[in-house]
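We name chains A, B, ... by the order of the sequence lines, and we start the count at 1 in each one. Computed over heavy atoms, backbone and side chain alike; hydrogens, waters and symmetry mates excluded.
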Protein chains: 2
Amino acid sequence: MSQTVDRALSILPLLAEGPADLGQVAERLDVHKSTALRLLRTLHEHGLVYRQSDQRYRLGARLFALAQEAVENLDVREIAHPHLVELNAKIGHTVHLAVYEENEVLYIDKVESRYPVRMYSRIGKPVAITVAAVAKLLLADLSEPERRAVAERLDYPMYTPRSTPDATAFLKELTVVREQGWATDLGGHEESINCIGAPIRGADGRVVAAMSVSAPSVVVTAEELLTLLPVVRRTADAISREYSGNTPT
Amino acid sequence: MSQTVDRALSILPLLAEGPADLGQVAERLDVHKSTALRLLRTLHEHGLVYRQSDQRYRLGARLFALAQEAVENLDVREIAHPHLVELNAKIGHTVHLAVYEENEVLYIDKVESRYPVRMYSRIGKPVAITVAAVAKLLLADLSEPERRAVAERLDYPMYTPRSTPDATAFLKELTVVREQGWATDLGGHEESINCIGAPIRGADGRVVAAMSVSAPSVVVTAEELLTLLPVVRRTADAISREYSGNTPT
DNA sequence: ATGGGCGTTGCAGAGGATGCAACGGGCCAG
DNA sequence: CTGGCCCGTTGCATCCTCTGCAACGCCCAT
């Protein structure tokens, strides 16, 4: 809608690919160098881009702070976190929390027991939307036409032979998930990883987030993982209750 | 430099404080509602702001993805990480990695052994720049006039009685750190937490990052922590060597 | 019903963004 | 050492695009 801002913001994903110099930015934006320079300067003033010692630009530090504060405004996460930690302590597997936003499903929290992984390897990263249990849960709650629209728009990469192959299969899966109130991902993303997930609902019954438990099949079989379903659902329900209760702040 | 972009970007920190509606944004920017609307729309198209169900705007999900990719471009972090993990395995305490950028010092990695903390509670967050060991290390490497300029500009919150009280004390501390090549924070941020840190240098000898080890004083006394200094410095030096060696890629 | 609040749209005018051309500094090769 | 090249930077005139206004429509509360 606003050309200048649009151009400026287009620089960010561009720099996300890696550092670039003025000429490269100008070329990619298809504008004159002097224009690119002014845009970059403005971004720089706001800390969104940083000029490294070789004069090339890369994404800046303020982005962290903003992403940070963005996540802190998500009150679901705040309420859910202690529950996730508790569940993790109980069953030992990795626990994820995810939300749906603007055609993307993304993890907003993760609790991992075994070893301290670099958490940012997942947090904030869009999930494999066609196969992840949390994605199925979040999309299943959309209205039928919305589900259809999203399903048609997606790609269906075959991460493994058990990945969701196409829109038809995906929509069918969403219907199942919608009715049973929980979801699985049995080796659909990575051959040896299974997940089970449950939805977190707001006071109006709509799904506001989804949580999942993941475990490698070498540790627990899919059947064993499914025995955890009750406790996972109980946790999700507890979060739902607390979230609904707190809503009228 | 570019008014339109400048205004648009000013919306982000504003929304970081919490969700806001169109009128509030327009007022804070001191522009007409229609102008604010167009700016918000553009930000929205780029996923930087999200319009929640009550029509108010808040920071959007794409910010995660960007911050995510930003951190992945920091090659110091990549090189340092395995070393930090190794050190953590050896001594068991929390290990931090931080860089200086645009008048801010911020953590870009953290390895915590005991329990899986919410990593993003620290990663990306600006550190207590007047007291943290890593901050001292990074600032100590600036030129004298730069140090002075930064020191004057800072606030000196007294987190504890042992916090750095003012610019004079801070500059003196920086001189010490600069000469000895390592730094401490003994209860300067939180009464019961001590840290020791060492600098990571690039091929040109300049400090590109700093690492630190933190431990609660109830577990190890400050004196005991200081006995770890050699191994911390060795780790930092190992990272420096690898970083310098890899630089001519 | 009716008024107020809020978001939205179309438009004309003006202010700002754009691209051009020229400058300057660093770097490499001759 | 010197020339030339590349890249970032600056000032400026032109034109585009952003801006603020006013009017509309919608929803909610009175």
Student: Quick one: side-chain contact (heavy atoms from CB on, under 4.5 Å) partners of Ser143(B), sequence neighbours excluded?
Tutor: Pro145(B), Glu146(B)

Student: Determine which pairs satisfy salt bridge (Lys or Arg N to Asp or Glu O under 4.0 Å) with at least one residue from residues 20-30 of chain B, sequence neighbours left out, and list them in order.
Tutor: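 Of all non-adjacent pairs touching residues 20-30 of chain B, those that pass salt bridge (Lys or Arg N to Asp or Glu O under 4.0 Å) are Glu17(B)-Arg28(B).
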
Student: Using a heavy-atom distance cut-off of less than 4.0 Å, which residues of residues 17-29 of chain B contact DNA chain D?
Tutor: none

Student: Starting at atom OH of Tyr57(B), determine the distance to atom C1' of dC6(C), rounded to an integer number of angstrom.
Tutor: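 So the OH-C1' distance, Tyr57(B) to dC6(C), works out to 11 Å.
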
Student: Considering only residues two or more places apart or on different chains, which pairs with a residue in residues 31-54 of chain B satisfy salt bridge (Lys or Arg N to Asp or Glu O under 4.0 Å)?
Tutor: Asp54(B)-Arg56(B)

Student: Once side-chain contact (heavy atoms from CB on, under 4.5 Å) is applied, do any residues pair with Asp237(B), and if so which ones, sequence neighbours excluded?
Tutor: Arg241(B)

Student: If the condition is salt bridge (Lys or Arg N to Asp or Glu O under 4.0 Å), which residues does Asp6(B) pass it with, not counting sequence neighbours?
Tutor: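 For Asp6(B) there are no salt bridge (Lys or Arg N to Asp or Glu O under 4.0 Å) partners, ignoring immediate neighbours.
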
Student: Do any side-chain atoms of residues 149-156 of chain B form donor-acceptor pairs under 3.5 angstrom with protein atoms, and if so which ones, sequence neighbours left out?
Tutor:
from: Arg153(B); atom 1: NH1; to: Asn103(B); atom 2: OD1; distance (Å): 3.0
from: Tyr156(B); atom 1: OH; to: Ala151(B); atom 2: O; distance (Å): 2.6

Student: Reading nucleotides 13-30 of chain D 5' to 3', which nucleotides get B (base under 4.0 Å from a protein heavy atom), which S (sugar-phosphate only), which -?
Tutor: ----SSBBBB--------

Student: Would you mind reading off the distance between Arg56(A) atom CZ and dG8(D) atom C1', rounded to a whole angstrom?
Tutor: 15 Å

Student: Atom CG of Leu48(A) and atom OH of Tyr57(A): how far apart are they, to the nearest 0.5 Å?
Tutor: 13.5 Å

Student: State which residues pass side-chain contact (heavy atoms from CB on, under 4.5 Å) with Arg147(A); sequence neighbours excluded, sorted by chain then number.
Tutor: Leu142(A), Glu144(A), Leu171(A), Leu174(A), Arg178(A)

Student: I'd like to check the side-chain contact (heavy atoms from CB on, under 4.5 Å) partners of Ala198(A); sequence neighbours left out, ordered by chain and number.
Tutor: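 Listed in chain order: Val232(A), Arg233(A), Ala236(A).
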
Student: Would you say dT10(D) has OP1 or OP2 under 4.0 Å from some side-chain N or O of Arg41(A)?
Tutor: yes

Student: Compute the bend angle of the helix from dA1(C)-dT30(D) to dG30(C)-dC1(D) from the end axes (five pairs per end), rounded to 10°.
Tutor: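 Rounded value for the end-axis angle: 40°.
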
Student: State which residues pass salt bridge (Lys or Arg N to Asp or Glu O under 4.0 Å) with Arg58(B); sequence neighbours excluded, sorted by chain then number.
Tutor: Glu101(A)

